[in-house]
Asker: 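Let me give you the structure first, and then I'll get to my questions.
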Amino acid sequence: MSQQTDDVVDGAQPAEEETSGSLVPRQSSDFSLVGISQQSPIVQVACGAVPGAVTGYVFKRVSSSAAAALGGGLLLVQVASRYGYISINWRRLERDTKRQWERVVDQSSSISPTTQVGGRSIKSWGREAVEFAKDHVYVSGGFVSGFLLGLASG
């Protein structure tokens, strides 16, 4: 058998010399984000809607579990307080809560568009997100639609 025949498996074309170490042969329709923008609008919407739906579904499940845990915990504290199992100093709790709230407000007012996150300003992150949405309208629209459908389901 020749070297050429050994490389061909199930009729697939032999892969070009791979420098990345991938065993998967390269195909002409590379499905990177750049490649998606050259696909039909239906494919672009689907490529946004599927991850959007998964994200929305997971977000709903996680947030409802967190809300149930928080609500259940507060309910248990109230019941335990009512029946005398625990004693809560409500005045101190209110005072401490107000103090912490003031700290949060003070710290949040110091956040500006030039605040650095991951070495880049918040403004640059926002600008990049808007540019992505403009350049990939179908994908972005599909993601938002899928996210909302994911939230509505389940």
Asker: Report yes or no: do Tyr83 and Val77 belong to one cluster of Ile/Leu/Val/Met/Phe/Trp/Tyr joined by side chain heavy-atom distances under 4.5 Å?
Answerer: no
Asker: Are Ile86 and Trp90 joined in one hydrophobic group, where the rule is that I, L, V, M, F, W and Y side chains link up if heavy atoms are under 4.5 Å apart?
Answerer: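 Yes; Trp90 is reachable from Ile86 via cluster members.
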Asker: Any chance CZ of Arg92 has more than 12 other-residue heavy atoms, nucleotides or ligands included, within less than 6.0 Å?
Answerer: no
Asker: State, yes or no, whether a side-chain contact exists between Trp101 and Val105 at a heavy-atom distance under 4.5 Å.
Answerer: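 Of all side-chain heavy-atom pairs linking Val105 with Trp101, at least one is under 4.5 Å.
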Asker: Which heavy atom of Gly56 sits nearest a heavy atom of Leu151, and at what distance?
Answerer: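 In this case the closest contact between Gly56 and Leu151 is O-CD2, 3.6 Å.
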Asker: Quick one: pull up CD in Gln78 and CD1 in Ile88 and give me the separation to the nearest 0.5 Å.
Answerer: 6.0 Å
Asker: Has the side chain of Ser65 got a donor or acceptor atom that lies under 3.5 Å from a matching backbone atom of Arg61?
Answerer: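 Between the backbone of Arg61 and the side chain of Ser65 there is a qualifying donor-acceptor contact (under 3.5 Å).
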Asker: Within a radius of less than 6.0 Å around CG of Leu75, do more than 12 heavy atoms belonging to other residues, nucleotides or ligands occur?
Answerer: yes
Asker: Looking only at heavy atoms, what is the nearest atom pair of Tyr57 and Ser153, with distance?
Answerer: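 Closest heavy-atom pair between Tyr57 and Ser153: CD1-OG, 3.8 Å.
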Asker: Count the heavy atoms belonging to other residues, nucleotides or ligands that lie under 6.0 Å from CZ of Phe147, then report whether that count exceeds 12.
Answerer: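 Yes, because the 6.0 Å sphere around CZ of Phe147 holds more than 12 heavy atoms from other groups.
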Asker: I'd like to know if Glu102 pairs up with Lys98 as an ion pair, taking the criterion as any Lys NZ or Arg NE/NH1/NH2 lying under 4.0 Å from an Asp or Glu carboxylate oxygen.
Answerer: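 Salt bridge between Glu102 and Lys98, a charged N being under 4.0 Å from a carboxylate O: no.
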Asker: Linking I/L/V/M/F/W/Y whenever any side-chain heavy atoms sit under 4.5 Å apart, do Val79 and Tyr85 land together?
Answerer: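 Yes, Val79 connects to Tyr85 through the hydrophobic network.
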Asker: Starting at OG of Ser140, measure out to OH of Tyr138 and round the result to the nearest 0.5 Å.
Answerer: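 That separation rounds to 12.0 Å.
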Asker: Under 4.0 Å between a Lys/Arg side-chain N and an Asp/Glu carboxylate O for Asp106 and Arg103?
Answerer: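 Salt bridge absent between Asp106 and Arg103.
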Asker: Would you say Gln44's side chain and His136's backbone share a donor-acceptor pair under 3.5 angstrom?
Answerer: no
Asker: Grab the two heavy atoms, one from Ala46 and one from Pro51, that are nearest each other, plus how far apart they are.
Answerer: O-CD, 4.3 Å
Asker: Given side chains that start at C-beta, do those of Arg99 and Asp96 come closer than 4.5 Å, heavy atoms only?
Answerer: yes
